[in-house]
Participant: 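Got a structure here, written out as structure tokens. Questions coming.
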There are 2 protein chains.
Amino acid sequence: MAVTIKDVARLAGVSPSSVCRALADPARVRPETRESVERAARELGYHPNRVARSLITGRTANLGVVLPDLANPFFPSVVKSIQTQARRFDYAVFLSDTDEDPAVEVPAIRALAKQVDGFLLCSPRAPDEDLRSFAGEKPIVVLNRRITPFPSVTADSTGGMQQAVAHLHALGHRHLAYVAGPRTSWSNRDRQRGLRAATAARGMNLVEIGHVAPTVDGGAAAADLVLATPATAVLAYNDLIALGLIQRLQARGAEIPGQVSVVGFDDIPVAGLVGPPLTTVAIGKEQIGRVGVDLLLELMADAPARSAGPGRRAAARMPAAPARSVGLGRGAGPLPADAPGRRTASRDSTGTARRVLPTQLIVRGSTGPARQK
Amino acid sequence: MAVTIKDVARLAGVSPSSVCRALADPARVRPETRESVERAARELGYHPNRVARSLITGRTANLGVVLPDLANPFFPSVVKSIQTQARRFDYAVFLSDTDEDPAVEVPAIRALAKQVDGFLLCSPRAPDEDLRSFAGEKPIVVLNRRITPFPSVTADSTGGMQQAVAHLHALGHRHLAYVAGPRTSWSNRDRQRGLRAATAARGMNLVEIGHVAPTVDGGAAAADLVLATPATAVLAYNDLIALGLIQRLQARGAEIPGQVSVVGFDDIPVAGLVGPPLTTVAIGKEQIGRVGVDLLLELMADAPARSAGPGRRAAARMPAAPARSVGLGRGAGPLPADAPGRRTASRDSTGTARRVLPTQLIVRGSTGPARQK
DNA sequence: CAATTTTCTGGAAACGATTCCAGACTGGCT
DNA sequence: AGCCAGTCTGGAATCGTTTCCAGAAAATTG
């Protein structure tokens, strides 16, 4: 039914091998051959079957992206940047939304494993050891979490929390509350850790409120608990929770920021549009995806498709992933962080890359001077 | 490197064909064979290579989703529901974001064509004839647009606009403005058409404001133009534009809804969180994806992978797509529209399915009585 | 012009699974 | 015991492409 390489070969009057060569690497055939093959291919509308190709080359030109919840506006931003960067290198993207269910993650990865050249795991929720079982099988880069031995891209939660706490301290707040996200979220632990350090450093009081879903509803559910504490300001695991908090706090009659200040995390696109606009810690969502893809491509270049030996032939046709693209810095986001120097790149003791992206407090309307007791 | 069917065969002491049979259809081998194959497979951690399988079966168990912009919160909702429904039938999802560029669409489809069993095109922006060139090649279902000969899932824009206009009319508005979305968007034309009909029916005045990007910035750009008209209420192509309008109108000192009422379209998740909460026309985003997948699976069952003849063998192992799943109605959304009767299913003259999903006006805080001149 | 290198090409093998076909074995029946 | 139907299995072919290998043709050299 579909037109194959044989059809082209027949029409062009050459062998399938020559068609392959003519299309893959025109320099390796006589100009006349190239010409007639190209004409035949065009005439028949031939497009090589990537499935068949990947069977023999071991490369699929696909990337797998696994994330917990596309309904959280943070993730579409990341996926979009992944998509953009992947397309630049002619990679297509598989998407798998696990719906915040850790148990779905491993099967999801497993299902995609043979169809992709590598994975980007965004904020994976599965236990470390489950994920580690994929080490060595496929190149994997983890976003928003650190699991040896995988390269990772994370945000500087500590720095962000320090900025946020400094801001609140300057406004006179001394009693803070933190509304925690999912128990299985590494980011949550990271942010919580950063917040504890920051409050401790300034001798501030911190109340932590249980684990809630990282959604608007989760935030709403925590609001009443917040009012029951002496906290004059509350920091949320993420913006969605913060939005839910504001919503419910206002419904309870609490003025924001008059009675309670609220700080989010992520700076999702709508953060500035709500009433009052949300003060939040911004992280470079576009950078996460871009850096993640670059890291993954580097990793894939090191661990080639089939043979383990370095310097494979196929690598020649693979677009160069490394330095060049990293340095491009196209589409500088709102963060001034795109300057090379600001991005922290390090390697741990085993040599795996760890990129930590800078964070930045965006002060909007949801924070103000602490109320007087 | 990876474990293949041969390895399993060797360990189990049988031929590769038997391994295949034992795993695919246990009833076709002796229980002992099945047992030893399963043990060997488990021991080696064997997972069949889906790429190799699809080469011979012609089925990939992948779906392709193409959409214009994941940053528009409308699309993640749709993708998520597609993903959920696809997973239920063991399909994986390829995602391609075209960044609102019509020219990218056809190559994007082309690149995925050989790796998927069918496509869901969400709000495609490419010209009809370009997309029609894929007819017959692959099963395609179009969402938010109608292009013969493809089955489609659309929202009842006319009904939605009628509700919105009735609402505004009742509030005393007589002069309306419409801020149009992308020129290439079928939905925009559909909504515009519906709005014209609705206003004409009531003898209301309608000013149409040029095509803007379907984003917050697009809305902000149109705000000043709105103020220059006699309109007391403005309807936007979508919620993002409406949000941008509100933002900029407020910045210009216009009270909302005191001076201008604003109506959006889509009911994106944040619509209720902004200040003031947005009055908007809701469409069943979860339904769109679910119905789209069901329609596509039906279509794929009719037009099987390889041979054109009906009643293929492979179809037996493919989960039944039709009625059963459609009727499930799991996870009923906020719309009462999940009841079977309310969803309009029709077929045009050529017999292609056209599902039109109901819309519903959600009245929130951004609309109020018309200001007195 | 012969010898040698280089360029170019076709045939065959390979990738990992599925499926067809035919042969081996089992069991039931006469 | 002999025959037949049915069950179960292994070998071979297949999917569409890439790649290896060897041979043919062309170009270069002495």
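Source: prediction; values computed, not measured. Labels below follow one simple rule: chain letters A, B, ... track the order of the sequence lines, proteins then strands, and each chain is numbered from 1.
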Participant: Ignoring the backbone of A:I56, work out which of C:dA12, C:dA14, C:dG16 is nearest its side chain.
Facilitator: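 Given the options C:dA12, C:dA14, C:dG16, the side chain of A:I56 is closest to C:dA14.
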Participant: So what does B:S17 touch, heavy atoms closer than 4.0 Å: a base, only the sugar-phosphate, or nothing?
Facilitator: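 Counting heavy atoms under 4.0 Å across all strands, the contact made by B:S17 includes a base.
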Participant: Which of the following nucleotides, D:dG16, D:dT9, C:dT9, is nearest to the side chain of A:T4?
Facilitator: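 In terms of side-chain proximity for A:T4, the closest of D:dG16, D:dT9, C:dT9 is D:dG16.
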Participant: What nucleic acid atoms does B:V14 come within less than 4.0 Å of, heavy atoms only: base, sugar-phosphate, or nothing?
Facilitator: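 Sugar-phosphate contact only - B:V14 comes under 4.0 Å of backbone atoms but never of a base.
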Participant: Could you check A:G13 against B:Y46 and say which one's nearest nucleotide on DNA chain C is further toward the 5' end?
Facilitator: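 Its nearest nucleotide lies further toward 5', so the answer is A:G13.
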Participant: Of A:P16 and B:P16, whose nearest nucleotide on DNA chain D comes first from the 5' end?
Facilitator: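 Of the two residues, B:P16 wins.
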Participant: Taking CG from B:L55 and C1' from D:dT14, how many angstroms apart are they, rounded to a whole number?
Facilitator: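 Whole-Å distance recorded here is 9 Å.
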Participant: Could you give the CZ-to-P distance, from A:R34 to C:dT9, as a whole number of Å?
Facilitator: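 So the two atoms are 12 Å apart, to the nearest Å.
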Participant: Among D:dG10, C:dT9, D:dT19, which nucleotide sits nearest the side chain of A:C20?
Facilitator: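 Of the candidates, D:dT19 comes closest.
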Participant: Nearest whole Å is fine: how far is C:dC8 P from A:E35 CD?
Facilitator: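 Atom-to-atom, A:E35 to C:dC8, this comes out as 16 Å.
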Participant: Separation of B:I5 atom CD1 from D:dC15 atom P, in whole Å?
Facilitator: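 Nearest whole value for this atom pair: 19 Å.
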Participant: Using a 3.5 Å distance criterion without hydrogens, assess whether the side chain of A:K80 forms a donor-acceptor pair with backbone atoms of A:G289.
Facilitator: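 No, because the side chain of A:K80 does not come within donor-acceptor range (under 3.5 Å) of the backbone of A:G289.
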Participant: Is there a donor-acceptor pair closer than 3.5 Å between any side-chain N or O of B:R354 and the backbone N or O of B:V153?
Facilitator: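 Flag not set: sc B:R354 to bb B:V153 has no pair under 3.5 Å.
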Participant: If you check the B:R30 side chain, which of D:dT18, D:dT9, C:dA17 turns out closest?
Facilitator: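 Given the options D:dT18, D:dT9, C:dA17, the side chain of B:R30 is closest to D:dT9.
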Participant: Please say which of B:D69, B:V141, B:T98, B:I82 ends up in a side-chain contact (heavy atoms from CB on, under 4.5 Å) with B:C122.
Facilitator: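 Of B:D69, B:V141, B:T98, B:I82, side-chain contact (heavy atoms from CB on, under 4.5 Å) with B:C122 is met by B:I82 alone.
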Participant: Using whole Å, what does the distance between atom P of nucleotide C:dA17 and atom NZ of A:K114 come to?
Facilitator: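 To the nearest whole Å, that distance equals 7 Å.
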Participant: Would you mind reading off the distance between A:R28 atom CZ and C:dT7 atom C1', rounded to a whole angstrom?
Facilitator: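 It is 9 Å, rounded to the nearest whole Å.
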Participant: Between D:dG10 and B:R21, counting only base atoms on the nucleotide and side-chain atoms on the residue, is there a donor-acceptor pair under 3.5 Å?
Facilitator: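 Counting by modelled atom types and ignoring angles, a donor-acceptor contact under 3.5 Å is found here.
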Participant: With a 4.0 Å cut-off on N to O distance, would you call B:E105 and B:R125 a salt bridge?
Facilitator: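 Salt bridge between B:E105 and B:R125, a charged N being under 4.0 Å from a carboxylate O: no.
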Participant: Does any part of the side chain of A:L299, heavy atoms only, come nearer than 4.5 Å to the side chain of A:F150, both counted from C-beta?
Facilitator: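 No, every pair of side-chain atoms sits at 4.5 Å or beyond.
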Participant: Hey, is the side chain of B:T33 poking within less than 4.0 Å of OP1 or OP2 on D:dT9, counting only N and O atoms?
Facilitator: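 Yes, within the criterion.
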Participant: Does C:dG11 have OP1 or OP2 sitting under 4.0 Å from an N or O in the side chain of A:S15?
Facilitator: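 Looking at the OP1 and OP2 atoms of C:dG11, neither is under 4.0 Å from any side-chain N or O of A:S15.
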Participant: Expressed in angstrom and rounded to an integer, what is the separation of B:E32 atom CD from D:dC8 atom P?
Facilitator: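 Going from B:E32 (CD) to D:dC8 (P), I get 10 Å.
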Participant: So which nucleotide from D:dA12, D:dT19, C:dT18 ends up closest to the side chain of B:R53?
Facilitator: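 The closest nucleotide is C:dT18.
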Participant: In this structure, how many angstroms lie between the P atom of C:dG16 and the CD atom of A:Q115, rounded?
Facilitator: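 About 15 Å, once rounded to whole Å.
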